[in-house]
Amino acid sequence: MSKEKAGAKNKTFKKDGVSNGVAIFLAVMFVLFAVLGIIGFNVWRVLFNPRLVKEALVQEVTSTDIVPGTLELFSEWRAKKRVENNESLSGVNEPDIVLLLSYMKAEDWKQVKELLVTDEFVVHIISTSVDGVYLWIDSDDIWPDIHWDMTQFKQRLVGQNGEDAIMIAYNKLPPATDEQIADFKHRLSQVPEGVEVLYNLAQFPEPWTQDQVGDYIDSLNDANENIPADFEFSKEFGQTSSQQASMQAKAMLRTIRFVAIALWVLALILLALILGLKVRSWKTLGKFVGIPLIIVGAIAVAIALICQPIVINMISNNLLSGASDFAKTELTGSFRTLSALFFRPLLWQGIVIGALGILFVILMAVIKKKANPEAAAQPQADVPMQ
């Protein structure tokens, strides 16, 4: 071989070596950003899709027992607080609707939900809230402009449905003990006639039963009067919440949205660089595009199959560790359904991406074999893409 040909061969080899090194680096970066990009894309697709969010929440709230499960969780929390604060040993703050509700369980909350909360009201609350939040993200407002029409709920709260709901809660109270009755009589004797004395949190026998139930109904009516017919979110929550925290939350949502889009756009740019720099044949297509796609698809499938159960178990065993079996089952089930909006498409996207990578690798092998069937096992020159 002449010196000129040898020099040209070495020069080509060095050039290809540098090109291969850059292409391998770009392929590694593509795998990294493609995995992050597919995760970011699904975050963007789910979190910033008002229609999907509304449909998912409405379906979950109206077709499951997530509301009774959540309310039972609240009941258990409130009952625990009563013991911690010694409220269960005193009648000073009774009757109290919140304390009364602390005795209720899941089956009771199911009945109360049927009495007071209609599917129409749920759809209105969710739709108005979701629309308000997404408009707020791109506005200069400190708080979302959310208005809830509470008219229907207020009508049911003070009507027969409200009284029936009170009786559901009242019937869960334990019978009054002799000590509680004696305490009530003593407090009654210490005040002038006509001054209201609050009952202990227990079912009092006659002649006090009707008067006690009436106190709870009056307490419910008083609570209803404090509920505005037009519940303005910014007015009600802005008075007690930090404006800075609200603006920080908005900035965080904007950042998440930007990053979620930027990640997969960057992954596409890296893929374009690989195609432009190195892909000139089926061999290089399979090596520098097909193999990275297989890796990306495999990681996406692994995340979809492994991470969802891990996250759900963490929520069930940690955040809901003290909840009843019913509340834990309902809340965990709802989270599993909602999280599937992210993980299920991620699974199929990973399968498609991996399959595409496998296709490119198969094409590389098949076309390489057809180009030189007698020496398929030996290193071959690249076969140009037709």
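Note that the structure is predicted; figures quoted are calculated from it, not measured. Along the sequence shown, the residues carry numbers beginning at 1.
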Just wondering, are more than 12 heavy atoms of other shown residues or ligands nearer than 6.0 Å to NZ in Lys287?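 Not buried by this count: 12 neighbours or fewer within 6.0 Å.
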Cluster question for you: counting only ILVMFWY and a side-chain heavy-atom cut-off of under 4.5 Å, with indirect links fine, are [X] and [Y] together?
X: Val117; Y: Val158; value: no
X: Phe288; Y: Leu359; value: yes
X: Leu347; Y: Val352; value: no

Residue pairs passing the salt bridge (Lys or Arg N to Asp or Glu O under 4.0 Å) test where at least one lies in residues 19-35, sequence neighbours excluded: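 Not a single pair qualifies under salt bridge (Lys or Arg N to Asp or Glu O under 4.0 Å).
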Test salt bridge (Lys or Arg N to Asp or Glu O under 4.0 Å) applied to [X] - qualifying residues, sequence neighbours left out:
X: Glu114; value: none
X: Asp141; value: none
X: Lys172; value: Asp108
X: Arg257; value: Asp138

Donor-acceptor contact below 3.5 Å, side chain [X] vs main chain [Y]:
X: Asn224; Y: Leu220; value: no
X: Asp149; Y: Thr151; value: yes
X: Gln212; Y: Phe204; value: yes
X: Asn161; Y: Leu157; value: no
X: Glu232; Y: Ile146; value: no

Are Gln244 and Met247 side-chain neighbours, meaning at least one heavy-atom pair lies under 4.5 Å?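 Counting from C-beta outward, Gln244 and Met247 never come under 4.5 Å.
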Sub-4.5 Å side-chain heavy-atom contact between His124 and Thr128: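 The answer is yes; the side chains approach within 4.5 Å.
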I'd like a table of donor-acceptor pairs (distance under 3.5 Å, sequence neighbours excluded) in which one partner is a side-chain atom from residues 295-312, with atom names and distances.
unit_1: Gln308; atom_1: NE2; unit_2: Arg336; atom_2: O; d: 3.3
unit_1: Gln308; atom_1: NE2; unit_2: Ser339; atom_2: OG; d: 2.9

If the condition is side-chain contact (heavy atoms from CB on, under 4.5 Å), which residues does [X] pass it with, not counting sequence neighbours?
X: Trp264; answer: Phe41, Ile261, Leu268
X: Val130; answer: Pro50, Val53, Lys54, Leu57, Ile126, Tyr134
X: Leu135; answer: none
X: Leu52; answer: Arg45, Val46, Asn49, Leu341

Which residues share a side-chain hydrogen bond (donor to acceptor under 3.5 Å, both in side chains) with Ser139, sequence neighbours left out: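 Ser139 satisfies side-chain hydrogen bond (donor to acceptor under 3.5 Å, both in side chains) with no residue once adjacent residues are dropped.
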Relative to each other, are the rings of Phe153 and Phe121 parallel, tilted or perpendicular (30° and 60° limits)?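 The rings of Phe153 and Phe121 lie parallel, inter-plane angle below 30°.
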Phe342: what forms a ring-ring contact (aromatic ring centres under 6.0 Å, His included) with it, not counting sequence neighbours?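 Once residues adjacent in sequence are excluded, Phe342 has no partner under the ring-ring contact (aromatic ring centres under 6.0 Å, His included) criterion.
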